[in-house]
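We count ligands from 1, going down the list as the structure has it; atoms in each ligand are counted the same way.
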Amino acid sequence: MVRVRLAPSPTGTLHIGTARTAVFNWLYAKHEQGAFVLRIEDTDKERSKPEYTQNILEGLQWLGIDWDEEPVIQSERVGQHRDAIQTLLDRGLAYRCYASETELTAMRDAQKAANQAPRYDNRHRSLTPEQEQAFQAEGREAVIRFRIDDAAEIRWNDLVRGAMSWRGSDLGGDMVIARRAPADQIGDPLYNLVVVVDDAAMDITHVIRGEDHIANTAKQLLLYEALGLPLPTFAHAPLILNAEGRKLSKRDGVTSINDFRAMGYTPDAIANYMTLLGWSVPEGMEERFSLREAAAVFGFDRVNKAGARFDWDKLNWLNAQVLHGWTADHLLEELTPLWTERGWTAPSDKSWCLDLCALLGPSLTLLKDGVDQAEPFFDRPELQDDALEQLAIDGAKAAIADLLQRLENNPWDGSDVDQAKAWLGDAAKAAGVKKGVVMKSMRAALLGRLQGPDLITTWSLLARIGEDLPRLRRCLG
Ligand code: GLU
């Protein structure tokens, strides 16, 4: 059975790269009817925070990504990690390195000066017991390093990138697997070691993660071999790039799923878009889909090797598709808290709110557009410059005055739409202007601006709450 995992570090809020990795893992698990599990990689004690774990779990849930089994907490498994390190020490595959930070810096400076790539020069790989004792007598602490033979050949068949081949000499020398500690102890175990121990213990069959982990995969494969553990299959998803083709970073304004959420994107659109960041739909399939629909056809054959450029237009298009697909009821449910936050109280007449949602829905790209566009329905707006200019046109105010008179004699309850249309025509004739001028002027008077949704429906909604007459009167005053 396929078992995949997401292994987020709770050192920040749910990152877009992590969310995309989560989506690919989830899709693959669902496609294969396997299990998707979580491991919280909280071994960096200084930077890990419980509120980040909370944020990551909530963010995944928000995206519609559920997981099987209780999440594994990596820090609770430190005993197993230390056992694995002890095994490597016992087998002579790992050793203590006493080089001080000053010595290591000097080593790297010398490499730099000689135009060489920085690497650990394996200087303490073969210390005699006497040399070790001498270092200990100096009071030196030691890290533990795993031996990486320069001649080692590391090959794997990556589900995205095909045949991969690395040499031991590419990996920067013997790798630190435990932090510095007194020589009779094993210091805090480090990332590559713990990931291998945990993935094996959790029976992970496929490790699916971002391309930035490729060098780690090469190192981890050596650890699997050294520990005699069964190998999982690897798949490396392409990097997420910004519009200029560089790795997406904080400078691009959004890195966290929170940011997208705050901007008014829906979870469906984000999950849909995350899938498209690196995966291409099979021929004949629409780019707007649910995660379930994608899972039915998901496979790594359609995951691209090239970096995935972040395309705001596509995300906005998807979000609009999602919002346009919502019923007025659903939209009302989502918008009500945002309206309340602005201090607006909707009329007790729920059908008015539903009609407002039905009016605004088709023009929304972001959910917050449903706040901006609803504003003139809740708060009488100031007249903007474009509205003032419109109302200054010859005959505009005369037409409004004519309409006002008709309405004062015959108040409109907002239901007979044909009657309203006829009044617009009558007012145009009376003022000697085109009907278009009356319509634009009405929009200016009612909404305070020239942009807005369908005029008659707008007018009808305002008439129903008694807001049409005061607004018409105001622009004549
Ligand atoms: N904690 C690592 C990260 O968040 C996990 C990488 C992996 O999937 O092995 O990048």
Side-chain angles (χ1 to χ4, degrees), residues 2-29 34-50 52-57 59-60 63 65 67 71-78 80-81 84 154 156 158-161 164 171 175-177 179 188-224 227 229 231-240 247-250 255-257 274 277-278 300 303:
V2 164
R3 282 177 63 83
V4 298
R5 74 347 180 237
L6 180 75
S9 306
T11 52
T13 55
L14 178 57
H15 186 273
I16 154 175
T18 310
R20 198 273 312 263
T21 299
V23 169
F24 279 15
N25 273 282
W26 187 94
L27 290 171
Y28 190 63
F36 169 65
V37 297
L38 299 181
R39 180 172 68 238
I40 305 299
E41 301 211 319
D42 60 343
T43 44
D44 182 342
K45 287 175 210 129
E46 264 131 57
R47 291 172 59 225
S48 297
K49 297 210 167 90
Y52 291 138
T53 300
Q54 194 62 23
N55 175 277
I56 291 166
L57 298 183
L60 292 174
L63 286 169
I65 295 178
W67 52 90
V72 168
I73 308 299
Q74 190 161 61
S75 59
E76 291 173 2
R77 297 185 30 80
V78 66
Q80 281 90 325
H81 306 146
I154 308 151
W156 77 94
D158 194 283
L159 288 185
V160 177
R161 310 182 66 83
M164 302 290 286
L171 299 177
M175 157 174 61
V176 181
I177 54 175
R179 272 192 228 281
D188 292 337
L190 291 174
Y191 167 73
N192 280 304
L193 183 282
V194 297
V195 163
V196 167
V197 172
D198 289 351
D199 282 340
M202 291 163 73
D203 295 321
I204 299 304
T205 59
H206 293 72
V207 171
I208 303 164
R209 59 189 170 194
E211 193 189 294
D212 43 337
H213 284 290
I214 289 183
N216 286 329
T217 297
K219 293 175 184 169
Q220 289 171 21
L221 282 165
L222 293 174
L223 284 165
Y224 276 100
L227 290 165
L229 296 169
L231 291 183
T233 302
F234 291 89
H236 290 93
L239 291 182
I240 304 176
K247 194 176 164 185
L248 194 77
S249 76
K250 281 212 169 80
T255 42
S256 156
I257 290 300
M274 294 287 120
L277 276 175
F300 288 101
V303 172

Does any donor atom in the side chain of Asp42 or Gln74 lie under 3.5 Å from an acceptor atom in the other side chain? no

Examine the side chains of Ser9 and Arg47 and answer whether a donor and an acceptor come within less than 3.5 Å of each other. no

What protein heavy atom lies closest to [atom]? Include the residue and the distance to one decimal.
{"atom": "atom 10 (O) of ligand 1", "answer": "His213 NE2, 3.1 Å"}
{"atom": "atom 1 (N) of ligand 1", "answer": "Glu41 OE1, 2.6 Å"}
{"atom": "atom 8 (O) of ligand 1", "answer": "Arg5 NH1, 2.6 Å"}

Flag the pair Asp198 and Arg5 as a salt bridge only when some basic side-chain nitrogen lies within less than 4.0 angstrom of an acidic carboxylate oxygen. no

Grab the two heavy atoms, one from Asp158 and one from His236, that are nearest each other, plus how far apart they are. OD2-ND1, 2.5 Å

Of Ala7, Pro10, Gly210, Gly17, the one whose closest heavy atom lies nearest atom 5 (C) of ligand 1 is Ala7

Rounded to the nearest 0.5 Å, how far apart are CE of Met274 and CD1 of Ile257? 4.5 Å

Numbered in order shown, the ligand 1 atoms found under 4.0 Å of a heavy atom of Ser9 are 1 (N), 2 (C), 3 (C), 4 (O)

Atoms of ligand 1 under 4.0 Å from any heavy atom of Arg209, numbered from 1 in the order shown, are 7 (C), 8 (O), 9 (O)

